[in-house]
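Right, one structure below, let's go through it.
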Amino acid sequence: MPDETLLYDLTDSPFCTKARICLQLKGIPFRRVTLTVGRLRELRRLSAFGKVPVLVQAGQVIADSTAIVRHLETQQPDPPLRPADPAARAYCDLIEDWADESLYHIVGAFKWLNPANRAAALRNTMSEIGGGPLAPIIGRVVAARIGRRYRAQGYGSGALGHFEQRMRDGLTTLEGLLGERSLLLGRSITIADVAVFVQLAWLRNYAEARLLDDAPTVVDWLARLDAVPAVSAALGS
């Protein structure tokens, strides 16, 4: 259908989850197009990045979760996901960037560098991408490629303690930011909440989810967001 909004995505991607939650919060109907091996060329024709999520709406192609959020804010201003006040908006954007860059890097290290997570990492990544009989080979290629990226930065499986401490520090910071508040900024969900939530929801798939046990305020906040209909719909869609 020419007017249909499409989201090219994967379930085991925090950035795709971020895009789905924002679409649900905005009340925008969309159809998921799951990335598979057979759709890689199609994805690359749409976006030079060759990565999901990619939103196709009214003839426009928007790649990258942050760009998708900014696009949705202009197309469907209500409910707003970024504060109107310039200072609050800047703070919100900083938290989003911290989640997208730092938290993502940490959870990705857990997923791909911890041998205890290896089976789940491959299963979660390959369950939708597919590849038929070649799936195990493709999975090993993906794992090796991501592992090389971390090793190029000096991180191997021996660096897991470093990443655990970074996550503990991040959770302590979140505990302080939340305090007695129910959300990170104000009384309504912002992209700051969504961006951090999706990374920690991703963490819950892997062994290091145990680190959340020491952050009860964060756990309560995650539970509140889990209960939001738009969030639960995006997680289950």
Side-chain angles (χ1 to χ4, degrees), residues 5-35 43 46-47 49-57 60-83 89 91-108 110-111 124-125 128 167 170-171 174 177-178 183-186 188-206 209 212 218 221-237:
T5 296
L6 304 177
L7 181 70
Y8 287 75
D9 82 337
L10 284 169
T11 298
D12 192 43
S13 162
F15 300 115
C16 292
T17 307
K18 176 182 168 186
R20 292 199 305 274
I21 289 174
C22 291
L23 283 161
Q24 293 282 0
L25 286 168
K26 294 286 189 181
I28 299 172
F30 67 98
R31 179 166 64 88
R32 293 179 66 185
V33 181
T34 302
L35 178 64
L43 181 69
L46 289 170
S47 168
F49 295 118
K51 298 179 180 179
V52 289
V54 172
L55 184 73
V56 181
Q57 186 181 51
Q60 290 184 272
V61 177
I62 304 97
D64 181 77
S65 65
T66 297
I68 288 171
V69 174
R70 302 300 186 269
H71 168 78
L72 295 178
E73 285 284 86
T74 61
Q75 297 299 308
Q76 182 85 14
D78 292 318
L81 297 177
R82 299 168 74 214
R89 176 172 288 203
Y91 178 59
C92 180
D93 292 347
L94 281 173
I95 294 176
E96 180 189 12
D97 187 66
W98 171 69
D100 286 358
E101 299 299 328
S102 182
L103 281 183
Y104 172 73
H105 187 65
I106 294 167
V107 182
F110 295 152
K111 176 180 178 179
N124 293 344
T125 299
E128 291 176 316
M167 178 57 75
L171 292 172
L174 274 176
L177 290 176
L178 284 165
L183 297 167
L184 285 170
L185 286 92
S188 60
I189 295 175
T190 66
I191 191 57
D193 294 289
V194 176
V196 176
F197 172 84
V198 297
Q199 300 298 338
L200 298 184
W202 193 37
L203 174 67
R204 293 187 298 199
N205 294 323
Y206 300 103
L212 291 168
V218 173
W221 169 78
L222 287 169
R224 281 194 294 276
L225 289 177
D226 278 327
V228 173
V231 174
S232 59
L235 292 176
S237 63

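Values reported hereafter were calculated over all heavy atoms of this structure, with side chains retained and with hydrogens, waters and symmetry mates removed. All values derive from a computational prediction rather than experimental measurement.
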Answer yes or no: is there a side-chain heavy-atom contact under 4.5 Å between [X] and [Y]?
{"X": "L171", "Y": "L200", "result": "yes"}
{"X": "R32", "Y": "T11", "result": "yes"}
{"X": "C22", "Y": "I68", "result": "no"}
{"X": "D226", "Y": "F197", "result": "yes"}
{"X": "P29", "Y": "T5", "result": "no"}
{"X": "L72", "Y": "L81", "result": "no"}
{"X": "F15", "Y": "K51", "result": "no"}
{"X": "L174", "Y": "W98", "result": "yes"}

Charged N to carboxylate O below 4.0 Å: is that the case for E96 and K18?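 So E96 pairs with K18 through a salt bridge.
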
Less than 4.0 Å between a side-chain N and a carboxylate O, is that true for R70 and D64?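 A salt bridge is absent here (no side-chain N lies under 4.0 Å from a carboxylate O).
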
Find the distance between [atom1] ([X]) and [atom2] ([Y]) and round it off to the nearest 0.5 Å.
{"X": "D100", "Y": "I95", "atom1": "CG", "atom2": "CD1", "result": "12.0 Å"}
{"X": "T125", "Y": "D12", "atom1": "OG1", "atom2": "CG", "result": "5.0 Å"}
{"X": "D78", "Y": "E73", "atom1": "CG", "atom2": "CD", "result": "9.0 Å"}

Evaluate the side-chain contact (heavy atoms from CB on, under 4.5 Å) criterion for residues L184 and L178: first the C-alpha distance (whole Å), next the side-chain angles of each, then the deciding distance (0.1 Å), finally the verdict. CA-CA 6 Å; L184 285 170; L178 284 165; 3.8 Å; yes

Tell me whether the count of non-hydrogen atoms from other residues, nucleotides or ligands lying under 6.0 Å of OH in Y206 goes above 12.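 Yes, enclosed.
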
Can you name the one residue among V33, I62, V61 that meets side-chain contact (heavy atoms from CB on, under 4.5 Å) with V56?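 Per the side-chain contact (heavy atoms from CB on, under 4.5 Å) rule, the option paired with V56 is V61, out of V33, I62, V61.
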
Begin from the C-alpha positions of Y8 and L35 and carry the test side-chain contact (heavy atoms from CB on, under 4.5 Å) through to its verdict. CA-CA 6 Å; Y8 287 75; L35 178 64; 5.9 Å; no

Test side-chain contact (heavy atoms from CB on, under 4.5 Å) applied to I28 and Q75, step by step: CA-CA 10 Å; I28 299 172; Q75 297 299 308; 5.7 Å; no

